[in-house]
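Since the structure comes first, as structure tokens, the remarks are kept for the end.
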Amino acid sequence: MANTPADKKASGKETVFSGIKPTARPHLGNYLGMIKQAVALQESYQCIYGVVDLHAITKPQKPEELTQNTRDIVLDLLALGIDPERSILFVQSHVPAHSELAWIFNSITPISWLDRLGPYKEETAVNSQLNQVGILDYPVLMTADILLYKATCVPVGEDQLPHIDVANEIAKRFNHLFGKTFDPIKPLLTEAKRIMSLAEPKKKMSKSGDAGISLGDSADEIRKKIKRAVTDSGSEIRYSPGAKPAVSNLLTIYGELSGKPVADIEKMYAGKGYADFKNDLAQVVADYFADFRARRAELQNDRVYVSGVLADGAARAAAIADKTLKEVKAKMGFLM
Ligand code: TYM
């Protein structure tokens, strides 16, 4: 079949890898920062996407919720347009090479590269109970995720940039110690690299709290949340993240989902108030995800198809990952 990942590799196309943690249904930030790009990149890259359950367990997870969240994210990604004919979609723990390469990379990663990272410092400052080694070590596992596939392009939101920096440092150190094996990794960011909370526009939209729009929300819930979203002082609909963080965030969402440039949207609402703007935005968001909701409802009943996609995805991912792991181990002198 033309256009399979193997064909793309053969034609010299770069490899894309990205992952999403199954800790809750994805929110609008996940969609605009990562998933939307991941879908578009399938056109011209070899794409490999992981539902990264080994990352999810770095914070306590109830077993039944981990299972359900993993199933949910797989359905969400398929319904949003990740196409198993064009990409490899798999669950991270189904490919044991991820854990093994992470362990190997642990042996060449100084702790000081990890304990200075913002996300680690912030998480442990907020909750001192979160002191598991996994929270510190998480960027090393991310490095393994990316390098197992020799991916050079990683679509992500802005919060992941420090982790990509660490991945590049680890790749460089490995190359230096054992010979050139990995190329530099480029993060791919969109205009929506940091979608903010609808309630506190100076904070990132995150999975926790109701200040985000979940892809599990109904059209009515979406409308209610957008109408409740905080706005800034002054009534002008103008993009200015410093002066008007709330409206700028809403304009970014409007632009990304309608395909209209933000400057055109500003003109459309010149002289109008927040109520008109929010009403229309609520409709844009609710409409945008209507097909997704229908497609997801169909897929939900097709367990056989979804299990088949994941078995096939794991086999195809493992074939690439095992080859890289073997190369790494041979270079390091493991008895083969
Ligand atoms: P996760 O599951 O927290 O988030 C998935 C993706 O969504 C992006 N994102 C956002 N983008 C814009 N605005 C926001 N408010 C927002 N919130 C989240 C994230 O940047 C991410 O791209 N460590 C990763 C998962 C991962 C990974 C990898 C990513 C594991 N291995 C290898 C890339 C490559 C994470 O926790 O993402």
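Every number for a ligand or one of its atoms is a count from 1 in the order of the listing. Position 1 is the first residue of the sequence, and the numbers go up from there. No experiment lies behind these values; they were computed from the predicted model shown.
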Is ligand 1 under 4.0 Å from a heavy atom in the side chain of D159, in the backbone, in both, or in neither? side chain
Under 4.0 Å between heavy atoms, the region of A192 that gets near ligand 1 turns out to be backbone
Closest approach of L310 to L89 (non-hydrogen atoms, all atoms of both residues): CD2-O, 4.1 Å
Which ILVMFWY residues can you reach from M196 by hopping between side chains whose heavy atoms are under 4.5 Å apart? none
Side-chain touch P162/Y120, heavy atoms, less than 4.5 angstrom: no
Taking non-hydrogen atoms only, is I146 closer than 4.0 angstrom to ligand 1 via side chain, backbone, both or neither? side chain
With atoms numbered from 1 as shown, which atoms in ligand 1 lie under 4.0 angstrom from a non-hydrogen atom of H27? 16 (C), 17 (N)
Could you tell me if K272 sits above the aromatic ring of Y269, with its cationic atom closer than 6.0 Å to the ring centre and no more than 45 degrees from the axis? yes
What I want to know is whether F17 and ligand 1 share at least one N or O pair that is separated by under 3.5 angstrom. no
Would you say I35 and Y45 are hydrophobically clustered, going by side-chain heavy atoms of ILVMFWY under 4.5 Å? yes
Applying side-chain contact (heavy atoms from CB on, under 4.5 Å) between V74 and each of I82, V51, V309, report the one that passes. V51
What's the verdict on ring-ring contact (aromatic ring centres under 6.0 Å, His included) for Y31 and Y288, showing C-alpha distance, side-chain angles and the deciding distance? CA-CA 12 Å; Y31 178 71; Y288 185 91; 5.7 Å; yes
Below a 4.0 angstrom heavy-atom separation, can you tell me which part of V52, side chain or backbone, both or neither, approaches ligand 1? side chain
At under 4.0 Å between heavy atoms, is it the side chain or the backbone of I20 that contacts ligand 1, or both, or neither? both
Salt bridge check, E169 against K172: does any charged N sit closer than 4.0 Å to a carboxylate O? yes
Just heavy atoms, cut-off under 4.0 Å: does H55 contact ligand 1 by side chain, backbone, both, or neither? side chain
Within the structure, does S18 bring an N/O atom to less than 3.5 angstrom of an N/O atom in ligand 1? no
Apply ring-ring contact (aromatic ring centres under 6.0 Å, His included) to residues Y149 and H98 and explain how you reach the verdict. CA-CA 10 Å; Y149 305 98; H98 288 255; 5.7 Å; yes
Side chain or backbone, does G157 bring an N or O within less than 3.5 Å of an N or O on ligand 1? yes
Say whether E158, considering both its backbone and side-chain N or O atoms, lies within less than 3.5 Å of an N or O atom on ligand 1. no
Short version for D145: what comes under 4.0 Å of ligand 1, heavy atoms counted, is side chain
May I ask you to decide whether R296 forms a salt bridge with D76, counting only side-chain N to carboxylate O separations under 4.0 Å? yes
For Y138, counting its heavy atoms only, list the atoms of ligand 1 lying under 4.0 Å from any of them. 23 (N), 24 (C), 35 (C), 36 (O)
M196 heavy atom under 4.0 Å from ligand 1: no
Residue part near ligand 1, for H163, under 4.0 Å between non-hydrogen atoms: neither
Can you name the residues that form a ring-ring contact (aromatic ring centres under 6.0 Å, His included) with F178, not counting sequence neighbours? F174
Under 4.0 Å from a heavy atom of V154: give me the atoms of ligand 1 that qualify, with their elements. 33 (C), 34 (C)
Between I265 and S258 the two heavy atoms that sit nearest each other are CD1-OG, 4.1 Å
Near M34, which atoms of ligand 1 are under 4.0 Å from a heavy atom of that residue? 6 (C), 7 (O), 22 (O)
Out of G29, P26, S206, A24, whose heavy atom is nearest to atom 11 (N) of ligand 1? G29
Is there a nitrogen or oxygen of V156 sitting under 3.5 Å from a nitrogen or oxygen of ligand 1? no
